[in-house]
Amino acid sequence: MYPSRFRYEAPRSLEEAIELLRLGGGEAKVLAGGQSLVPMLKLRFASPEMVVDINNIAGLDYHRVDPDGTIRIGALCRHADLENSAILHAHQPTMAAAAPVIADPIVRNRGTLVGSLCHADPQGDWASVMIALGGSIIAQGPNGRRSIPVADFVKGPFQNVLAFDELAIEAVVPAPKGVVNGGYLKLERRVGDFATVGVAIALESSSGVIIRAGIGLTGVGGTTINAIEAAKALIGGPLTAESIANAGDLAAQGAQPRTDHRGSATYKRHIVRTFVVRILDGVVESMERAA
Amino acid sequence: MSLDEIKIGGMGASRRRVEDNRFIRGKGNYIDDIVLPGMLHMEILRSPFAHARIKSIDTSKAWGIPGVRLVMTGEMMASRNLAWMPTLSYDTQAVLATDKVRFQGQEVACVIADDAYIAKDGCEAIVVEYEPLPVIVNPLQAMAPGAPLIRDDKENQHDNVVFDWEVGDKSGTERAFAQADVVSKLDLHYPRSHPSPMETCGSIADFDRATSKLTVYMTSQAPHIIRAAVAMVAELPEHMIRIVSPDLGGGFGNKVPVYPGYVASILASILLERPVKWIEDKTGNLISTGFARDVYLRGEMALRKDGKILGIRMHTDSDHGAFFSDAQPSKFKIGLMHSAFACYDIPVAHLTARGVYTNKAPGGVAYRCSFRVTEAMFFQERMVQAAADDLDMDQAEFRRINFVGDDDFPHRTAFGFLTDSGQYGKCLDVGLEAIGYKDFLKQKEEAKKRGRLLGIGISTMTEPLGAGNSREYDILGIKMFDSAELRVHMTGKAILRTGAKSQGQGHETTWAQIVAHELGIPADDITVEEGDTDTAPFGMGTYASRSTPVAGAAIAMVSRKIRAKARKLAAHLLEVSEEDVEWELGRFYVRSSPDRGVTIQECAMAAYTNMPDGMEPGLENNAYYDPPNLTWPFACYIATVEVDPQTGVWDVLNVVAVDDCGVRINPMIVEGQIMGGLTEAYAMASMQFITFDEEGNCIGSNYMDYLLPTAWETPGFELHEVVTPCPHHPIGAKGIGECATVGGPAAFVNAVMDALKGTGVRNIDMPLLSDRVYEALTKRRDVSGMPPMRTDDV
């Protein structure tokens, strides 16, 4: 690969990294897993003056669950760490379902969840998952830290709301208030292909009644779709064949797919509906098993 | 006592690949590993438009970049009469565009610089002013009245038709159709794909002013043809040209043609008197170098009610891109398309073929096949399944009653090929038994009651491979023979060189096994070398599964010449007359006294130290082999699938392959070839194609969009064999490199179509992406026809 010339920096602390980003004045790009940035450099779609490689900053490769149930994922936590995570399997079924279908095994070894969110690709899986979960991003800049809900974090295709001197250091999934359920289904033409359609559903229930629901859709819009209407319709009652079908229809309506070489808009809407129903049917089964 | 042939790595030994010793250690010597002193780097600027007039090219900024040594444009090439070059199909192709660009990715300018980064910067600094023209992306548009003329550079070219060609018996076929009980029709498309070897194309041209010698290291499957072409086109003396094809990271037909990058790097080296390296990037390889397929079929079959095929009618429309540079060695315009139906006893057939220019990349190549055989066999087996369905006959039984019988060889096909051997029915039986045909049919009916869609697809075919014989096959007039040169050293070790060129086939391993079989010299004692025109004997290279059928035969023949001389040496050493000497593997002995003998190694020593009076010293020879016929392997591939009616996603349940490629030299390598071929077949059926939008933008210009299968989704394969030795090949072998790629796709497609049987869907064009299957199922109609990229319901 022959990218344009750029200055390469490998800071050893967050402060140093943020100072470099400040010096870069908007012409610097952060390198974490590099699974999106490096192909863009190769194709010269991105020609930053500086690449700030954060891989030498210690203490960012964690993912953990706090005593209250909050899940925290550091900026250098790789997809593969999440795929193999006992924490997710025990605490977070939507993330546990998504982790093994992110890209392909080679990308998963290097790529990061936080980097994927920052990249803001409408075909990225994690953004849908985090939107369904009501997750947020912790950004650190020269003036300290702030928390940004993932639903507000993505401004448009490949655009996030970070200031040029801000670094996303952590993704946070808030502590659940009920029993956690959910799943992620992805239609891809081949392992490693971008999603034709991805559906993330995260539910919290109490005595079989849904008290929180989130549905995120991958690949069916200019940005990740937050299917609010579909999610809202599930809240306040149990999952029934009727409510499931209704949620599927609402999610399909909420999708804004375009016909392309991955399929027609009609087909993609149909897959959204089918996957919503399949995930929720699966949830019903697992709730019945648990009961 | 005779040697154990398997122990010495002879025929039938699954000997480990000797070349892998260096490959798995990262010690291969690929084109980009080669670094010469003073070497410069070349990058190519490509057209963003599929069809546009070039109004101006401003290279001044590029010349201004420090480290840029040379900027070449079409105008500059034209001043040296090199703006256009001849193609392997007797057309012309632009080296660098002068008048207009005719496909997206066409070569417009080159920058030669101190390193590849600077060269790329230089390309970005070139300003080209284009005037976009209307674009043609399929044969329908190409043939439409008033279509823009793509090849306005050619005198006497008034439309976009490249050729019209026909073969067979037109009136006889019409009579057969008139008598038919049923006529089965099927329109099909074999989509455009790209062979996409992992290693892209590249070259290092090194012109030495002091010696006037031009050395070109290049990624070529046929280095000798390149030398001949350079000598003839560039009018350089042939002895002053050395083409070296180093280790190749795959070829699959993509590395047969001559590409503009090679030519430009050669000219640059001559002008700059320094070595110039050009390494194509992946996108450049996918959008500009030899694609494959892209043929539409109108197929018709005349049938008798009892299932007998009475006649075949085929018409093909093939899309050749902007320049007719098909890399094919036959005299037939549409390659070996008319090898279709060779395994069936068909009384009469007629094929018409039209080729057209479009604003797509040129360079039709035989992607892992003999030219157009892949399309031929796919069309054949899809038509066979449709016919069986139309007659409501069992698809296995329909094949069986139409097969050429075991005792009917040699058999002249309706299109004129001569097949020489086969046990087609036996292969089919082995396949049906292995897949559990009858049980599966029951299972399928049971599943159907529960709303599940199971299907089984069969593909049986014999294909002609191993070009050629010199009567019908040549490249630029050079006959399709091949060669081997064997030198046995004093100590009984040997070096073998051939005119073939391995790209991963394992020649270094298997060629030594043929020598071991013929001479009893252990395979480990034999070095195999290929690819350097200064040392290797003249040969036509490796493609079309021709290496074993042709070069492999030459190796057996040269080994026999060596053995004949060794026999004389043995007679001398044993002090008996030659007639009294008998041969067993690795040893001559006295017929009347078998204990008295000499080994081949002792004969070799004698050739240098103790030859009889009057005998020429040394033990070396060469052989040029012109095969009497193509070889005709047979195969039966069967796949079972389940289709998810809610999503259109289909999963492969089982795949059984039965291959009859004659005598197997190295069974492990043969199995590897079959597995690789089946993987590609699965890919064609399920995901792998290159398409274009209406503007002629290539969808499939990188590995995110051009889907190659990985280990994650490729199903497992169960392999079986039947062995019918090739009657005319010295060791009874046939080609095997391409059989599964050729015969495999129809098995998968037939399986999905079988699952959809009864829904009103007769055809879905490859690849059977889930959205196509879903659309067919819900709309109960075929999903097939011309691209561009579907925009059915925006």
Side-chain angles (χ1 to χ4, degrees), chain A residues 1-6 35-36 38-45 47 100-108 121 123-124 185-197 199 219-220 248 256-278 281, chain B residues 41 43 113 115-121 123-124 279 281-283 644-649 682-683 686-693 697 699-714 767-775 777-779 783 787-794:
Chain A
M1 77 174 235
Y2 301 103
S4 304
R5 258 153 233 279
F6 58 82
Q35 298 306 296
S36 300
V38 172
M40 283 166 59
L41 291 173
K42 180 191 83 169
L43 295 168
R44 295 192 174 195
F45 290 164
S47 295
V101 298
I102 304 296
D104 62 36
I106 302 157
V107 171
R108 291 202 291 273
D121 187 331
Q123 285 173 309
L185 281 178
K186 177 178 182 177
L187 177 68
E188 52 187 359
R189 296 175 302 171
R190 185 203 65 188
V191 172
D193 186 22
F194 287 114
T196 301
V197 173
V199 174
V220 287
Q256 300 157 17
R258 275 177 35 184
T259 294
D260 62 13
H261 55 287
R262 286 189 173 81
S264 70
T266 309
Y267 176 67
K268 291 178 187 179
R269 269 187 218 282
H270 166 75
I271 295 296
V272 168
R273 184 184 298 110
T274 305
F275 280 1
V276 167
V277 170
R278 283 185 181 183
D281 282 348
Chain B
H41 297 261
E43 279 282 330
D115 67 39
Y117 297 90
I118 301 172
K120 189 136 186 150
D121 293 343
C123 284
E124 290 192 343
I279 303 292
D281 63 18
K282 185 55 74 184
T283 295
D644 177 348
Q646 284 185 312
T647 60
V649 173
Y682 167 70
S686 63
M687 66 179 85
Q688 190 177 329
F689 74 137
I690 285 191
T691 187
F692 294 79
D693 66 14
N697 296 307
I699 313 297
S701 62
N702 60 61
Y703 280 166
M704 283 312 302
D705 293 321
Y706 188 54
L707 302 179
L708 301 182
T710 72
W712 293 93
E713 54 277 319
T714 304
L768 302 183
L769 295 163
S770 59
D771 64 311
R772 294 186 181 191
V773 176
Y774 177 76
E775 186 185 326
L777 259 173
T778 48
K779 296 185 180 161
V783 176
M789 204 167 74
R790 296 167 47 236
T791 50
D792 40 336
D793 59 350
V794 181

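In what follows, every chain begins at residue 1, and chains take the letters A, B, ... in the order their sequences are listed. This structure is a prediction, so every number in the text was calculated from the model and none was measured.
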**Fill in**
Under 4.5 Å to a heavy atom of chain B? For A/R258 that would be neither
**Request:** Measure B/N702 against the heavy atoms of chain A and call it side chain, backbone, both or neither at under 4.5 Å.
**Result:** neither
**Message:** If I measure from the heavy atoms of chain A, does B/M704 come under 4.5 Å with its side chain, its backbone, both, or neither?
**Reply:** both
**Prompt:** What part of B/D121 gets closer than 4.5 Å to chain A, counting heavy atoms only: side chain, backbone, both or neither?
**Reply:** both
**Asked** Side chain, backbone, both or neither: which part of B/P709 has a non-hydrogen atom closer than 4.5 Å to chain A?
**Response** backbone
**Prompt:** Is a salt bridge present between B/D281 and A/R44, judged by a nitrogen-to-oxygen distance below 4.0 Å?
**Reply:** no
**Asked** Going through the distances and angles, do A/D193 and A/R262 end up as a side-chain contact (heavy atoms from CB on, under 4.5 Å)?
**Response** CA-CA 10 Å; A/D193 186 22; A/R262 286 189 173 81; 2.8 Å; yes
**Asked** With a 4.5 angstrom heavy-atom cut-off, which part of A/F194 approaches chain B: side chain, backbone, both or neither?
**Response** both
**Message:** Please check: side-chain N/O of A/Y267 versus main-chain N/O of B/T647, any donor-acceptor pairing under 3.5 Å?
**Reply:** yes
**Request:** Under 4.5 Å heavy-atom distance to chain B, tell me which part of A/R5 shows up: side chain, backbone, both or neither.
**Result:** side chain
**Fill in**
The single option from A/V199, A/T196, A/T274, A/V272 that satisfies side chain to side chain contact (heavy atoms under 4.5 Å, CB included) with A/L187 is A/T196
**Message:** Are the side chains of A/H261 and A/R189 in contact, using a 4.5 Å heavy-atom criterion?
**Reply:** yes
**Prompt:** Mind checking whether A/P3 and B/K120 have side chains closer than 4.5 Å, heavy atoms only?
**Reply:** no
**Item:** Side-chain donor/acceptor of A/T259 to backbone N/O of A/A265, under 3.5 Å
**Value:** yes
**Item:** Under 4.5 Å from any heavy atom of chain A - which part of B/L769
**Value:** side chain
**Message:** Under a 4.5 Å cutoff for heavy-atom pairs, which residue among B/T778, B/D115, B/L708 has the most contacts with chain A?
**Reply:** B/L708
